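Input: a single structure, listed below in structure tokens.
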Amino acid sequence: QVQLVESGGGLVQPGGSLRLSCATSGRILDYYTIGWFRQAPGKEREGVSCIRIRNSDGGTNYGDSLKGRVTISRDNSKNTVYLQMNSLKPEDTAVYYCAATKRPVYGCPVYNSAYDYWGQGTQVTVSS
């Protein structure tokens, strides 16, 4: 059974930083790509970032919403993907989800339909 467990969310002041973690069940190398998404109240879920896992190039991609303020990385030994977020703004407040697929996909997608497995999400609140 595939499980993705997010952690690291919380309350942070504007301009602050957070590092989110996505722990995968089983071997991380079983997944083709892993992505991060977010959904704010009343808005659609949007792609934040993606990292290619099975492909050795470890390619990444970033959505427009946090580009330049976020870095995705992985630690194969811990079966975990990280999302480092900096210079956070109140509009970054959302539930952040980790998603994964075992299907080969073109590039490193940041759209919902590319992913088959989803975590429960972790709340990020940016407020003073």
Side-chain angles (χ1 to χ4, degrees):
Q1 183 177 357
V2 174
Q3 279 191 314
L4 305 172
V5 180
E6 303 96 334
S7 63
L11 174 64
V12 63
Q13 291 187 343
S17 299
L18 278 176
R19 187 178 79 158
L20 306 183
S21 299
C22 172
T24 66
S25 60
R27 297 188 321 146
I28 193 172
L29 292 176
D30 288 341
Y31 301 96
Y32 205 89
T33 59
I34 293 179
W36 282 97
F37 293 77
R38 70 180 187 181
Q39 188 166 22
K43 295 188 177 181
E44 292 187 353
R45 188 175 297 181
E46 63 176 349
V48 174
S49 185
C50 166
I51 186 166
R52 289 163 62 89
I53 301 297
R54 196 173 298 171
N55 188 302
S56 60
D57 68 8
T60 60
N61 192 19
Y62 296 92
D64 291 336
S65 57
L66 279 162
K67 189 176 289 185
R69 299 187 288 124
V70 62
T71 303
I72 192 169
S73 63
R74 62 179 177 173
D75 185 335
N76 290 357
S77 68
K78 296 182 179 180
N79 296 313
T80 299
V81 169
Y82 302 99
L83 187 71
Q84 177 68 44
M85 302 187 295
N86 302 318
S87 302
L88 286 165
K89 306 174 183 179
E91 52 263 43
D92 295 321
T93 295
V95 178
Y96 285 71
Y97 297 92
C98 173
T101 182
K102 295 183 179 181
R103 294 180 286 124
V105 293
Y106 179 77
C108 197
V110 288
Y111 52 88
N112 295 340
S113 61
Y115 295 88
D116 304 306
Y117 307 103
W118 292 83
Q120 294 299 307
T122 185
Q123 176 71 45
V124 172
T125 302
V126 185
S127 175
S128 55

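Values reported hereafter were calculated over all heavy atoms of this structure, with side chains retained and with hydrogens, waters and symmetry mates removed. Since the structure is predicted, the reported quantities are computational estimates derived from the model, not experimental observations.
Residue pairs meeting the salt bridge (Lys or Arg N to Asp or Glu O under 4.0 Å) criterion with at least one member in residues 12-22, sequence neighbours excluded, do not occur. Residue pairs satisfying the salt bridge (Lys or Arg N to Asp or Glu O under 4.0 Å) criterion with at least one member in residues 98-111, sequence neighbours excluded, are listed as follows: R103-D116. The side-chain hydrogen bond (donor to acceptor under 3.5 Å, both in side chains) contacts involving residues 34-43 comprise R38-E46, R38-D92, R38-Y96, where partners must be two or more places apart or lie in separate chains. Among residues at least two apart or in separate chains, there is no salt bridge (Lys or Arg N to Asp or Glu O under 4.0 Å) pair with a member in residues 118-128. Among residue pairs with one or both ends in residues 77-91, none qualify as salt bridge (Lys or Arg N to Asp or Glu O under 4.0 Å); sequence neighbours excluded.
Between D30 and T24, every side-chain heavy-atom pair lies at or beyond the 4.5 Å cut-off. Considering only heavy atoms from C-beta on, V126 comes within 4.5 Å of V124 through its side chain.
Judged by distance alone, with hydrogens and angles left aside, the side-chain atoms of R74 form a donor-acceptor pair with the main-chain N or O of I53 at under 3.5 Å. In this structure a side-chain-to-backbone donor-acceptor pair under 3.5 Å is present from E6 to C98.
Grouping the Ile, Leu, Val, Met, Phe, Trp and Tyr side chains by contacts below 4.5 angstrom, directly or via other members, places Y31 apart from Y82. Cluster membership for V5 and Y117, using ILVMFWY side-chain heavy atoms within less than 4.5 angstrom, is not shared.
For the pair V110 and V48, the tightest heavy-atom approach, listed with the atom from each and the gap, is CG1-C, 4.5 Å. Minimum interatomic distance between C50 and T33 (heavy atoms only, all atoms of both residues): SG-CB, 4.0 Å. Of all the heavy atoms in L20 and G9, the pair that sits closest is CD2-N, 3.6 Å. A pairwise comparison of heavy atoms in S17 and N86 identifies OG-OD1, 3.0 Å as the closest pair. Across S21 and T80, no two heavy atoms sit closer than the pair CB-CG2, 4.1 Å. In terms of heavy-atom proximity, P14 sits nearest to S128 at CD-N, 3.7 Å.
Q123 contributes atom CD, which lies 10.0 Å from atom CG of L11 (distance to the nearest 0.5 angstrom). Of the inter-residue distances, the one linking L29 atom CG with N79 atom CG reads 7.5 Å to the nearest 0.5 angstrom. If you take CG on L88 and CD on Q13, they are separated by 11.5 Å, rounding to the nearest 0.5 Å.
Apart from Y115 itself, the hydrophobic cluster it occupies contains F37, V95, Y97, W118, where clustering links Ile, Leu, Val, Met, Phe, Trp and Tyr at side-chain heavy-atom distances under 4.5 Å. Alongside V105, the hydrophobic cluster contains Y32 (criterion: ILVMFWY side chains under 4.5 Å). Other members of a hydrophobic cluster containing Y111 are absent, since no ILVMFWY side chain comes under 4.5 Å of it, directly or through relayed contacts.
Other residues, nucleotides and ligands place no more than 12 heavy atoms under 6.0 Å from the CD atom of Q120.
Take R52 and apply the salt bridge (charged side-chain N to carboxylate O under 4.0 Å, His left out) test, not counting sequence neighbours, and it matches D57. Remark: S87 pairs with R69 by the side chain to side chain contact (heavy atoms under 4.5 Å, CB included) rule, at least two apart or across chains. For S77, the side chain to side chain contact (heavy atoms under 4.5 Å, CB included) partners are D75, not counting sequence neighbours.
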Counting only pairs under 3.5 Å, give me each side-chain donor-acceptor contact of residues 59-67, with atom names and distances, residues two or more places apart or in other chains.
| residue | atom | partner | partner atom | Å |
| --- | --- | --- | --- | --- |
| N61 | ND2 | C108 | O | 2.9 |
| Y62 | OH | I72 | N | 3.0 |

